[in-house]
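Following: one structure in structure tokens, then a few remarks.
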Amino acid sequence: MATPPEAGQTPQRSLDQRMDALRRANEIRSLRAQLKKDLRLGALAVDAVIESPPEYVQTAKVFDMIVAAPKYGKVKATRLLNQCRISQGKTLGGLSERQRGELVELLRSR
């Protein structure tokens with residue numbers, strides 16, 4: 001019988017649970033890398049990704065997605081986010097409707 005974890009202690013995981021988590025993390029990393037590659041090559045538009053992000057990029061930072069797109073460096077990405085009053089650490093899943101709408105509109109107008 002497993003003992004309950006003490007306060008502040010992470011729960012014990014079996015080897016299978018840890019391997020499943022590792023496998024899922026690696027799969028998400030691969031999908032995100034492919035998405036960034038598609039953004040860099042122009043096969044995908046960054047505004048479309050931000051408007052309706054796939055499940056595997058919900059926890060990715062908006063800043064990183066914008067920087068992955070061509071013609072956007074750190075300075076332009078920071079300026080865009082500041083203009084929409086979005087923190088650089090904000091994730092795609094954490095954007096409010098106002099923030100998402102303003103950012104998509106701004107990206108499409110450029």
pair [X]-[Y]: side-chain heavy atoms closer than 4.5 Å:
| X | Y | answer |
| --- | --- | --- |
| Glu27 | Ser30 | no |
| Leu35 | Val49 | yes |
| Leu80 | Ile86 | no |

How close do [X] and [Y] get, counting heavy atoms only, and between which atoms?
| X | Y | answer |
| --- | --- | --- |
| Leu92 | Met65 | CD1-CG, 3.8 Å |
| Pro70 | Leu39 | CD-O, 3.0 Å |
| Gln99 | Leu95 | OE1-CA, 3.6 Å |
| Pro53 | Gln58 | O-NE2, 3.3 Å |

Cys84 vs Leu106, side-chain contact (heavy atoms from CB on, under 4.5 Å): CA-CA, chis, key distance, verdict: CA-CA 9 Å; Cys84 296; Leu106 200 59; 3.8 Å; yes

Residue pairs fulfilling side-chain hydrogen bond (donor to acceptor under 3.5 Å, both in side chains) with at least one residue in residues 60-84, sequence neighbours excluded: Thr78-Gln88

Could you pull out all residues at least two apart from [X] that satisfy side chain to side chain donor-acceptor pair (under 3.5 Å)?
| X | answer |
| --- | --- |
| Thr59 | Arg32 |
| Asp16 | none |
| Arg18 | none |

Where at least one partner belongs to residues 36-49, residue pairs that pass salt bridge (Lys or Arg N to Asp or Glu O under 4.0 Å), sequence neighbours excluded: Asp47-Arg108

Scan residues 83-107 for pairs that pass salt bridge (Lys or Arg N to Asp or Glu O under 4.0 Å), counting only residues two or more places apart or in two chains. Arg85-Glu102, Arg98-Glu102

Hphob cluster co-occupancy, Leu31 + Val67, side-chain heavy atoms under 4.5 angstrom: yes

side-chain contact (heavy atoms from CB on, under 4.5 Å), that's the test. Do Asn26 and Arg29 meet it? Break it down for me. CA-CA 5 Å; Asn26 283 332; Arg29 286 186 194 110; 2.8 Å; yes

Please determine whether side-chain contact (heavy atoms from CB on, under 4.5 Å) holds for the pair Thr91 and Val57, giving the CA-CA distance in whole Å, both sets of side-chain angles, and the decisive distance to 0.1 Å. CA-CA 8 Å; Thr91 60; Val57 290; over 6 Å; no

